[in-house]
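What follows is one structure encoded as C-alpha cells, with my remarks underneath.
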Amino acid sequence: MKVGRLKGRVALVTGSARGIGKAVVLKMIEEGASVVATDILDCELSQVLAEFITAGGDVLVHAADVSKAAEVSRLVDHAIQRFGAIDILVNNAGIVRPAPLEAVSEEDWDKVLSINMKGAFYCTRSTAPFMKEQRYGKIVNIGSRASLGKLDRTAYSASKAGLIGMTRTWALELSAYNINVNYVGPGPIETELFSTANPAESKQTKAIIEGIPLKRMGKPEEVAHLVSFLSSDEASFITGQSIFICGGLTVGLAHF
Ligand code: NAP
C-alpha cells in the first residue's frame with residue numbers, strides 16, 4: 001500500500017471551496033494529511049465537504065474571511081482544538097479585480113490587498129506560534145506570475161509581489177524553528193478566477209494562451225502537485241524561494 005508523503009500531518013488550506021485550493025485539499029488527502037479546509041462561504045464549503053470525505057479525508061471545514069483577524073484567530077483555534085497541531089499552511093485565498101491603472105478604485109485596491117496580502121499575514125501570524133512550539137512547519141504562499149507585471153493588474157500584482165517579500169522575510173524569521181516558507185506563482189490556470197477575468201472565447205484569452213510557451217492553460221492539479229511537494233519533507237532544504245508554475249510564461253518574453 002502506498003504511504004503518502006504527508007501522512008500524519010495536518011494542513012490548513014485557505015480558499016479551498018474551489019479552484020486551486022480545492023485541488024490542493026484533494027492532493028493533501030491523497031498524500032495522507034488531515035485537512036482544515038476553509039473558505040469565505042459556508043454553503044460552498046458544505047458542497048465540497050462530501051467530495052473531500054469521499055476522497056477519504058479526515059477533514060474539518062470552517063468558514064472564515066481571511067481578511068478579518070478575529071475570524072482567522074477563531075479558525076486557527078478550531079483547527080488546533082480538533083487536530084492538536086497545524087503542520088502545513090497554504091495561503092491560497094485570493095481575488096482579482098482587473099482594471100487599467102486610472103480606473104483602479106480605492107475600494108478595489110483595499111479589497112484585493114486585504115484578502116491577498118493581509119489575509120496571508122493574518123493566517124501566518126496566527127499559525128506561526130504553534131509551528132514554532134512544535135519546531136516544525138511548512139508554509140506555502142500562493143502568489144502569481146502577475147507579480148512580475150501584467151496588464152490591468154495594479155492592485156493584484158502589488159499584492160502578489162508583496163507576498164514574495166513576506167515569504168522571504170518569514171523564511172528568515174522562522175528558519176530557526178525548522179519552518180520552511182515558499183511561494184508558488186501560478187500562470188494562467190483553468191479556474192473560475194481566471195475565466196471570470198478572461199472569458200474563454202475572448203481575443204485576450206486566446207492571446208494569453210498563444211503567449212505561453214507550452215501553448216496551454218495549467219490545471220489546478222498541477223499546482224497542487226507542487227504545493228504538496230513543498231509541504232513535504234522531500235523539500236526540507238528549500239525555503240524563501242519563489243517558484244513559478246506558468247508553462248514557461250516567465251521566460252517566454254526571451255523569444256523577442
Ligand atoms: P478561485 O477559483 O476564485 O478560488 C479562490 C477561493 O478563495 C474561492 O473559493 C473564494 O471564495 C475564496 N475567497 C475569496 N475571498 C476570500 C476571503 N476573504 N476569505 C477566504 N476565502 C476567500 O481562484 P483560483 O484560481 O483557484 O485562485 C487561487 C489562488 O491562486 C489565488 O490566490 C489566485 O490569486 C492564485 N492564482 C490563480 C491563477 C489562475 O489563473 N487561476 C493564476 C495565478 C494565481 P468565493 O468564490 O466565495 O469568493
Side-chain angles (χ1 to χ4, degrees), residues 12-27 36-49 51 61-76 89-98 108 110-123 126 140-150 153 155-164 166-167 183-200 204-205 208-209 211-212 216-224 226-227 242-247 249-250:
L12 191 159
V13 184
T14 70
S16 55
R18 55 196 170 89
I20 292 170
K22 180 179 164 192
V24 169
V25 172
L26 289 169
K27 182 66 184 163
V36 183
T38 181
D39 205 285
I40 192 163
L41 291 180
D42 221 356
C43 51
E44 286 190 3
L45 273 175
S46 312
Q47 280 164 20
V48 288
L49 177 60
E51 217 176 309
V61 297
H62 179 117
D65 179 343
V66 294
S67 68
K68 306 263 163 56
E71 290 191 28
V72 169
S73 178
R74 278 195 292 276
L75 162 72
V76 169
L89 168 66
V90 182
N91 286 312
N92 166 74
I95 61 163
V96 59
R97 297 270 171 94
D108 278 356
D110 288 345
K111 188 91 187 152
V112 169
L113 273 283
S114 75
I115 294 174
N116 296 7
M117 217 163 69
K118 210 155 75 173
F121 157 59
Y122 285 153
C123 291
S126 291
V140 181
N141 294 320
I142 306 298
S144 173
R145 202 283 315 171
S147 59
L148 302 175
K150 183 172 175 179
R153 294 293 187 278
Y156 186 74
S157 67
S159 71
K160 297 301 191 178
L163 260 183
I164 294 180
M166 294 199 293
T167 299
Y183 174 102
V184 165
I189 307 292
E190 286 167 356
T191 68
E192 265 181 71
L193 178 136
F194 181 85
S195 59
T196 307
N198 308 277
Q204 162 196 322
T205 303
I208 289 172
I209 294 173
I212 301 171
R216 68 169 177 88
M217 301 272 297
K219 296 185 188 316
E221 293 73 23
E222 292 177 303
V223 181
L226 176 57
V227 173
S242 301
I243 301 173
F244 293 95
I245 174 163
C246 58
L249 207 48
T250 55

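Indexing begins at 1, ligand by ligand and atom by atom, following the structure's order. Bear in mind that the values here come from a model prediction, so they are computed numbers and not experimental data. Atom set for the values below is all heavy atoms of this structure, side chains included, hydrogens, waters and symmetry mates excluded.
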Atoms in ligand 1 with a heavy atom of A64 nearer than 4.0 Å: 19 (N), 20 (C)

Reported CD1-to-OG1 distance for the pair I95 and T196, which is rounded to 0.5 angstrom: 12.0 Å

E44 backbone acceptor or donor facing Q47 side chain under 3.5 Å: no

Note, Y183 side chain near K160 side chain (heavy atom, < 4.5 Å): yes

Closest protein heavy atom (residue, atom, distance) for atom 11 (O) of ligand 1: D39 OD1, 3.0 Å

Closest candidate by heavy atom, reference atom 7 (O) of ligand 1, pool P186, G15, A120: G15

Heteroatom distance test (Y156, ligand 1): nitrogen or oxygen, under 3.5 angstrom: yes

Option whose closest heavy atom lies nearest to atom 32 (O) of ligand 1, chosen from L193, N91, N92, T196: N92

Closest to atom 22 (C) of ligand 1 among P220, A93, A23, G187 (heavy-atom distance): A93

Minimal non-hydrogen separation, V36 against L75, with atom names: CG1-CD1, 4.1 Å

Atoms of ligand 1, numbered as shown, that sit under 4.0 Å from any heavy atom of I20: 26 (O), 30 (O), 37 (C)

Where G19 and T191 come nearest, the two heavy atoms and their spacing: CA-CG2, 3.8 Å

Those atoms of ligand 1 less than 4.0 Å from some heavy atom in I115: 15 (N), 18 (N)

N or O pair under 3.5 Å between T191 and ligand 1: yes

Minimum heavy-atom distance I208-F194, with the two atoms named: CD1-CZ, 4.2 Å

Heteroatom distance test (P188, ligand 1): nitrogen or oxygen, under 3.5 angstrom: no

Straight-line distance of Q204 CD to N198 CG, nearest 0.5 Å: 4.5 Å

Taking atom 45 (P) of ligand 1 as the reference point, the nearest protein heavy atom with its distance: R18 NH2, 3.5 Å

Within 6.0 Å of NZ in K111, more than 12 heavy atoms from elsewhere: no

Proximity flag K68 to ligand 1, non-hydrogen atoms under 4.0 Å: no

OG-CD1 distance between S144 and I245, expressed to the nearest 0.5 angstrom: 12.5 Å

Close-contact set for ligand 1 against I142 heavy atoms, below 4.0 Å: 29 (C), 30 (O), 32 (O), 35 (C)

L41 N/O under 3.5 Å from ligand 1 N/O: no

Ligand 1-proximal atoms of K160, by part, heavy-atom distance under 4.0 Å: side chain

Contact (N/O only, under 3.5 Å) between S144 and ligand 1: no

4.5 Å side-chain heavy-atom contact, N91 and V66: no

Separation between OG of S67 and CG of L113, rounded to the nearest 0.5 Å: 11.5 Å

Distance from atom 19 (N) of ligand 1 to nearest protein heavy atom, with residue and atom: V66 N, 3.0 Å

Contact partition for I95 relative to ligand 1, non-hydrogen atoms under 4.0 Å: side chain

Shortest protein heavy-atom distance from atom 47 (O) of ligand 1, along with the residue and atom involved: I40 CG2, 3.5 Å

Protein heavy-atom partner closest to atom 5 (C) of ligand 1 - residue, atom, separation in Å: G94 O, 4.0 Å

Side chains of R145 and P186 in contact at under 4.5 Å (non-hydrogen atoms): no

Ligand 1 versus R145: contacting region, heavy-atom distance under 4.0 Å: neither

Closest candidate by heavy atom, reference atom 44 (C) of ligand 1, pool S16, G21, G143: G143

Proximity flag A146 to ligand 1, non-hydrogen atoms under 4.0 Å: no

Salt-bridge criterion met for E221 and K27 (N-O under 4.0 Å): no

Test of proximity, D65 against ligand 1: N or O pairs below 3.5 Å: yes

Heavy-atom side-chain contact between V96 and V112 under 4.5 Å: no

Protein residue, atom and distance nearest to atom 40 (O) of ligand 1, heavy-atom basis: I189 N, 2.8 Å

Any donor-acceptor N or O pair under 3.5 Å, side chains D39, S16: no

